[in-house]
Asks: 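Okay, here's the structure, questions in a sec.
Residue numbers start from 1 in every chain, and the chains themselves are labelled A, B, ... in the order their sequence lines are given, proteins ahead of strands.
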Amino acid sequence: MANIMIQRGSKGEYVFYLPKRDLEDGIVSMEFDTPEKWGGEIKLNNGGCYYIEPQPAPARLPISLRAKRLDAAE
Amino acid sequence: MSALTREESEALIQEVLEVYPEKAKKDRAKHLAVNDKSIEQSKKCITSNRKSLPGVMTIRGCAYAGSKGVVWGPIKDMIHISHGPVGCGQYSRAGRRNYYVGTTGVNTFGTMNFTSDFQEKDIVFGGDKKLAKVMVEIEGLFPLNKGISIQSECPIGLIGDDIEAVAKKTAVETGKPVVPVRCEGFRGVSQSLGHHIANDAIRDWVLPRREGKAFEGTPYDVAVIGDYNIGGDAWSSRILLEEMGLRVVAQWSGDGTIAEMEKTPYVKVNLIHCYRSMNYIARHMEEKYNIPWMEYNFFGPTKVAESLRAIAALFDDKIKEGAERVIAKYQPLMQAVIDKYKPRLQGKRVMLYVGGLRPRHVIGAYEDLGMEVVGTGYEFGHGDDYDRTIKDMGNATLLYDDVTGFEFEEFVKRVKPDLVGSGIKEKFIFQKMGVPFRQMHSWDYSGPYHGYDGFAIFARDMDMTLNNPCWGKMQAPWLKKAEPEEAKKAA
């Protein structure tokens with residue numbers, strides 16, 4: 001489990017930030033992206049894949065979360 | 001000499017790597033690259049923020065340097081105790097030239113060194129008692145201090161002292177903030193982790209102190225973050241922001257005070273100059289207090305104008321007009337500077353190797369003077385720094401991460417830049433090689449270089465160094481070839 005931060009990029013897309021690895025990357029896809037259910041498997045631009053517990057969509061971004069690494073790039 | 005082509009640059013890197021043993025060669029190869037503007041992500045071409053190889057001459061610092069020297073040190077009305085043996089604090093004392101206003105030793109303490117001066121018995125029996133005693137003495141001798149930070153040196157972490165407990169106890173006794181910072185030098189690969197630890201300490205111990213208290217704000221409140229006022233940099237930046245109608249609530253941390261930092265959660269925008277050392281706290285404030293942040297660049301008139309407009313775009317028309325007014329006011333002054341120095345500096349080539357933001361931020365200032373940056377690198381940059389750098393650098397220029405002494409010398413010998421910009425450790429090597437050199441950490445005891453006023457000084461300093469007559473006197477007179485007879489007769 002790693003602490004991550006999800007924020008909005010300049011074009012309104014989700015951006016993933018992992019401070020420990022200094023990894024900042026765009027999110028290509030998020031499994032659930034509705035107001036009631038949000039999260040699940042997220043795929044990054046660099047090919048990495050993380051999992052955040054599905055939850056109601058946060059009121060505002062950025063938000064710090066715990067994420068599980070499913071498949072890291074490199 | 002014209003610039004190297006891509007093939008030549010690549011061949012040069014290979015040639016430099018040739019001297020290393022197989023394993024070291026493989027490792028170093030990842031840190032050297034030829035710039036390609038088309039690459040989106042830097043990690044495809046360069047690796048950064050990795051442990052330096054044992055045995056090479058690295059130019060990096062430690063976590064203590066990042067915390068005490070960079071982030072905490074410039075906060076002028078706090079006393080920063082270098083907790084541990086005396087050397088770490090004494091040899092870095094006042095070396096960074098963070099200017100401040102105040103009476104040193106009375107209400108400001110920036111250039112003083114406070115240390116708990118560990119001895120053998122403190123290592124054996126623990127130094128907590130001594131630390132508590134030091135803080136009592138400080139309260140007696142310097143009653144106008146506004147707080148204390150405890151900057152740990154290596155032994156504190158090794159012997160496992162509980163500085164947090166001492167800090168909490170003393171804070172209750174004195175009623176002032178006492179901040180323990182776990183920035184032992186052995187943490188991390190460079191000073192970069194020290195910045196992060198220092199940011200985390202500010203987040204946990206400083207920012208919550210004024211939560212819920214009244215603050216008389218305006219819609220134009222901003223904080224200048226990551227400007228350490230080296231040679232007065234923050235002052236020459238601040239006047240521009242104030243002139244365009246903004247109110248600068250806090251300076252982090254050059255000429256800054258703890259009260260300013262506590263008030264930062266009330267500002268409207270955080271303006272980040274040194275992204276590397278302060279982005280952590282900006283991200284935290286964005287999440288917790290909903291304060292947007294943006295990076296700006298105050299080196300050279302082109303970038304200053306660009307940044308002023310970008311900052312103004314976040315505010316209403318009054319500020320936008322203010323920005324245009326400031327730009328229009330300084331434009332003729334800057335044109336005069338460029339007219340004076342550009343003919344003397346046009347076409348000169350520069351190689352840089354500095355720390356957090358300058359390897360990419362000063363490129364614009366050099367370009368304003370008609371100079372070209374042909375190589376750049378970070379001591380402790382991360383991937384996101386290189387992402388930003390690739391766009392600013394020309395194609396086929398050299399990028400070097402955590403460059404070793406040997407590599408840097410070889411690059412300079414082959415690329416033959418007209419100017420090298422780096423730190424004091426590199427200065428005399430290159431000057432003895434006959435290459436003009438400017439210190440780009442401390443501005444060679446000059447400055448400020450930020451803002452419009454700073455650019456005039458920057459241009460003068462570059463001219464003074466590059467066109468100094470001493471560079472024509474590198475050969476002893478008796479070693480010079482005799483002038484041909486005809487030439488003498490003609491004269």
Asks: If you measure from CZ on Arg60(A) to CD on Glu286(B), what distance do you get to the nearest 0.5 Å?
Replies: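 Reported to 0.5 Å precision, the distance equals 8.5 Å.
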Asks: Counting only heavy atoms not in Lys25(B), do more than 12 sit closer than 6.0 Å to its NZ atom?
Replies: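 Count over threshold, so yes.
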Asks: At a 4.5 Å cut-off on heavy atoms, which part of Lys288(B) comes close to chain A: side chain, backbone, both, or neither?
Replies: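 The answer is the backbone of Lys288(B).
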Asks: I'd like to know whether NZ of Lys391(B) has more than 12 heavy-atom contacts from other residues, nucleotides or ligands below 6.0 angstrom.
Replies: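 For Lys391(B), atom NZ is crowded (more than 12 foreign heavy atoms under 6.0 Å).
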Asks: Would you mind checking which part of Asp387(B) comes under 4.5 Å of any heavy atom in chain A, side chain (CB onward), backbone (N, CA, C, O), both or neither?
Replies: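 Neither the backbone nor the side chain of Asp387(B) comes within 4.5 Å of chain A.
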Asks: Restricting to non-hydrogen atoms, name the atom on Glu24(A) and the atom on Arg283(B) that form the minimum distance, rounded to 0.1 Å.
Replies: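 That closest heavy-atom pairing would be OE1-NH2, 3.2 Å.
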Asks: About how many Å separate OH of Tyr17(A) and CG of Asp384(B), when rounded to the nearest 0.5 Å?
Replies: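 Rounded to the nearest 0.5 Å, the CG-OH separation comes to 6.5 Å.
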Asks: NZ of Lys43(A): more than 12 outside heavy atoms within 6.0 angstrom?
Replies: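 Result for NZ/Lys43(A): open.
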Asks: Counting only heavy atoms not in Arg69(A) (residues, nucleotides, ligands), do more than 12 fall under 6.0 Å from its CZ?
Replies: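 Not more than 12 within 6.0 Å, no.
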Asks: Compare every heavy atom of Pro62(A) with every heavy atom of Glu287(B), then report the nearest pair and how far apart it is.
Replies: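 Nearest pair, atom of Glu287(B) first, then Pro62(A): CG-O, 3.2 Å.
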Asks: Does Glu211(B) CD have over 12 foreign heavy atoms under 6.0 Å away?
Replies: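 Yes.
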